[in-house]
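Small disclaimer: the values here were computed from a predicted structure and weren't measured.
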Amino acid sequence: LLAEMGDLQAAQARYKLAVKMSPENAMMWYYLARFCLNNHVDVRAEALPAARQALLLAPEDARMADIMGSVMLELDDAVSAERFFLQAAAQDPLLNLAYLHLGQLYTIQGQNKLALQNLARAVELSMEGDPVNVLAERLLTDLKE
């Protein structure tokens, strides 16, 4: 709510407090990393360590590999991003976000065939109206034009 009201500093402080209160909870670290990514705030200084900690605490949780891939992509490390997105997809073949992110990565790299395959999979795994579905459909349409 604080972020939506435009107070990113206060929102970030609350996420950091949540991590401090529950340092063994991988989801708290995940949410901190996601907040930083979504708001383009302290990606290297906050999101990267948070994603690393989330992955250390829950290495079998595909969402943690996916968030790490997203951080790597934001930091322009496409090789690491791909590795983490592929790990996420392998850990949970039904995680639509992993396929969306792979599709985005391959689109950026100009690997349209791989982008199309992964975006189509993201659509297939998403319900109509789901933000993942909407974005994947839009990217598919753009690639086909």
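One distance of note links CG of L102 with CZ of R121; it measures 12.0 Å at 0.5 Å rounding. Atom CD of Q117 is separated from atom OH of Y106 by 9.0 Å, given to the nearest 0.5 angstrom. A distance of 5.0 Å separates NZ in K144 from CG in L140, rounded to the nearest 0.5 Å. The distance from atom CZ of R52 to atom CD1 of I67, rounded to the nearest 0.5 Å, is 14.0 Å. Atoms CE and CG, from M72 and L105 in turn, are 13.0 Å apart once rounded to the nearest 0.5 Å. Of the inter-residue distances, the one linking L37 atom CG with L75 atom CG reads 8.0 Å to the nearest 0.5 angstrom.
No side-chain heavy atom of K20 sits less than 4.5 Å from a side-chain heavy atom of M28. Looking only at side-chain heavy atoms (C-beta outward), D61 and Y30 stay at 4.5 Å or farther from each other. Counting heavy atoms from C-beta on, the side chains of L139 and L100 come closer than 4.5 Å. A 4.5 Å side-chain heavy-atom check between F85 and E82 finds every atom pair outside the cut-off. A 4.5 Å side-chain heavy-atom check between L135 and Q104 finds at least one atom pair inside the cut-off. A 4.5 Å side-chain heavy-atom check between M64 and Q91 finds every atom pair outside the cut-off. Contact annotation: the side chain of K16 approaches that of L32 to within less than 4.5 Å [non-hydrogen atoms, C-beta and beyond]. The shortest side-chain heavy-atom distance between L73 and H101 does not fall under the 4.5 Å cut-off.
Between the side chain of Y99 and the main chain of P93, a donor-acceptor pair closer than 3.5 Å is present. A donor-acceptor contact shorter than 3.5 Å is absent between the side chain of D66 and the backbone of A62. Side chain of T107 to backbone of G103: a donor-acceptor contact under 3.5 angstrom is found.
The shortest heavy-atom contact between D130 and N96 is OD2-ND2, 3.6 Å. In terms of heavy atoms, L143 sits closest to A115 at CD1-CB, 3.7 Å. Nearest heavy-atom pair, N133 versus M127, reported as atom, atom and distance to 0.1 Å: CB-O, 3.3 Å. Among all heavy-atom pairs drawn from A51 and A33, the shortest one is N-CB, 3.9 Å. What you find for C36 and A47 is that their closest heavy atoms are CB-CB, 3.7 Å. Across A122 and A136, no two heavy atoms sit closer than the pair CB-CB, 4.0 Å.
Tracing side-chain contacts under 4.5 Å through hydrophobic residues (I, L, V, M, F, W, Y), one reaches V71 starting from Y31; they form part of the same cluster. Residues L116 and L86 fall into different hydrophobic clusters, defined by Ile, Leu, Val, Met, Phe, Trp and Tyr side chains chained together at heavy-atom separations under 4.5 Å. Criterion: ILVMFWY side-chain heavy atoms under 4.5 Å apart, direct or through other members. Under it, L95 and L125 are not part of a common hydrophobic cluster. Hydrophobic clustering keeps L114 apart from L119 (ILVMFWY residues linked when any side-chain heavy atoms are closer than 4.5 Å, directly or through intermediates).
Looking at L56, L57, L55 one by one, the single match for side chain to side chain contact (heavy atoms under 4.5 Å, CB included) with W29 turns out to be L57.
More than 12 heavy atoms of other residues, nucleotides or ligands shown are found within 6.0 angstrom of CD on Q109. With a 6.0 Å radius and a threshold of 12 heavy atoms from other residues, nucleotides or ligands, R63 has its CZ atom at or below the threshold. For CD of E128, the number of neighbouring non-hydrogen atoms (other residues, nucleotides, ligands) closer than 6.0 Å is 12 at most.
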